[in-house]
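Notes for the one structure printed next.
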Amino acid sequence: MISIHVNASKEYDVILKAGVLSEAGTLIREDLSRRRGTAGILRSRRICVVTDETVADLYGGPQQTLISSLRSAGFEVSRFVFPGGEDHKNMATIGRLLDHLTENRFSRSDLLVALGGGITGDVTGFAAAIYLRGIDFVQIPTTLLAAVDSSVGGKTGVNLPAGKNLAGAFWQPNLVLFDPAVLTTLTQDLLLDGMAEILKAGFIADSTAIYAALMVPGDSEEDAAEGAQESSSAPLYSFLRMGPAGPRPPIFDHPEEMMRLIAKAIDIKRAIVEEDERETGRRKLLNLGHTVGHAIEKCSDYGISHGAAVAMGTSIIARAGQNLGWVREGYGDDICAILQYFGYDLHCPYPAFALADVAYNDKKIQGNRITLVIPEYPGHSVLKDVPALDLEHIIAQGL
Ligand code: GLY
């Protein structure tokens, strides 16, 4: 078991443990009793498990481990199942979820549980943030992306017709529970979706995460640390000599190494969130590759997944930054080589003007300036404020 304590406006634990779904009821009860005392916990009777149709079949059935565990711990459990996908991450789904809560007489002391990927976590967290002006919720991520990124840090929200995540709230969970066994049910595309966020964390703040992601059996933590040290003085990552990983990155088949890597990525995010929970400064670094990535997702009508778009967006900004002298010479190419090693398709099918046009509507544009995240050198990214009108030219430099 690995437990990471997040000390944000609400303190909570992220618990990574095989079989944790069977303990969810007890863990939630214990957490509530720590927060509210015995009297408070007696009032908390209801849990609504929010999940999508695919995950409902896998882990959210009435006879399955999670719901049995919640019932055994004394909760009355209802389910809200919605169709998955970005098309349903919207205000209509939020409206239906809030109606479900009122129909089932949820009070301020009851809870929501988000069981699923990033979309489910964002929708559930947003509903929790606004129902009765805020109720508690627990994140149970079932994708790699949700485990390493969206379930931690309290960003919740939905898309509006004008763009992604344009309505939302910062609302921290009470607890995050991740069972690494779910990784075995994920397709390689879903694993790559999450790996893009792990690599992002490494590019932002800690190149040992990149080395850990590239680890093959026999490598040790010391090898990773040594590699990182070498990279901070040498312009090129030595592992680039390894060439592409082949059809499947080796780390996907090494559960122990994957678990350590996931914990490392969560810990990088934890440190950033603790410093700047409401994204007034340093947390913006977590948007590396996302301004262009969100534009790619929108241009593709969400046919290109979030992780694939973030990988493409990161490569575009890395190459553009290198061409504009903002990224250490050669490092932009290294980033692209690392992404290609994992098998990401870095060919962006959209022209710079189309991406820039979509990005103008992104909430991250304030006035006529936009903050870009520039991966300056290994394990270090910086924020760069540029005129929004320059965005098309900048993107064009990276295509
Ligand atoms: N996914 C970026 C953040 O949580 O800030």
Side-chain angles (χ1 to χ4, degrees), residues 4 6-10 12 14 86 89 114 116-126 128-129 137 139 141 143-159 163-173 176 178 190 192-206 209 261-298 302 304-314 317 359 362-366 370-375 381-383:
I4 298 165
V6 183
N7 191 357
S9 53
K10 179 187 266 183
Y12 54 97
V14 181
E86 289 284 343
K89 182 178 165 178
I119 292 171
T120 299
D122 285 5
V123 164
T124 311
F126 187 39
F137 84 115
Q139 290 268 21
T143 64
L144 182 57
L145 184 143
V148 297
D149 191 52
S150 57
S151 67
V152 179
K155 271 194 187 175
T156 72
V158 293
N159 305 331
K164 240 177 109 73
N165 300 332
L166 292 185
F170 288 98
W171 194 248
Q172 302 292 342
V176 182
F178 178 64
L190 277 173
L192 283 173
D193 240 17
M195 184 55 84
E197 301 287 355
I198 294 177
L199 296 174
K200 175 195 81 177
F203 294 139
I204 291 168
D206 183 351
L261 182 61
I262 291 167
K264 191 183 274 279
I266 294 172
D267 203 46
I268 292 171
K269 179 158 185 180
R270 174 204 57 75
I272 293 174
V273 167
E274 285 182 357
E275 204 180 311
D276 176 27
E277 182 174 341
R278 294 184 71 88
E279 199 174 289
T280 54
R282 189 167 160 73
R283 185 165 181 175
K284 291 182 186 162
L285 290 173
L286 290 169
N287 297 325
L288 173 63
H290 280 59
T291 299
V292 179
H294 282 173
I296 292 169
E297 277 184 275
K298 186 118 203 315
Y302 300 106
I304 297 181
S305 72
H306 180 68
V310 165
M312 241 178 237
T314 303
I317 216 68
D362 192 289
K363 68 186 180 305
K364 289 171 199 82
I365 295 201
Q366 285 164 347
I370 183 164
T371 306
L372 294 176
V373 185
I374 306 297
S381 294
V382 291
L383 300 175

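As the structure lists them, so they are numbered: ligands from 1, and atoms in each ligand from 1. The chain is numbered in sequence order, starting from 1. This is a predicted model, so every value here is computed, not measured. Note that these values count all heavy atoms, side chains included, but never hydrogens, waters or copies made by symmetry.
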Would you mind finding which of Val152, Asp149, Val310 brings a heavy atom closest to atom 1 (N) of ligand 1?
Asp149
Can you find an N/O atom of Lys269 closer than 3.5 Å to an N/O atom of ligand 1?
yes
Does ligand 1 come near enough to His290 that some N or O of the ligand is less than 3.5 Å from an N or O of the residue?
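N/O-N/O distance under 3.5 Å: no.
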Please write down residue, atom name and distance for the protein heavy atom closest to atom 5 (O) of ligand 1.
Arg283 NE, 2.8 Å
Show the nearest heavy-atom pair for residues Ile198 and Ala265, with the distance to one decimal.
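Ile198 and Ala265 have their closest heavy atoms at CG1-CB, 4.1 Å.
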Do [X] and [Y] have a side chain donor and acceptor closer than 3.5 Å?
X	Y	result
Asn287	Thr291	no
Asn159	Lys298	no
His306	Glu197	yes

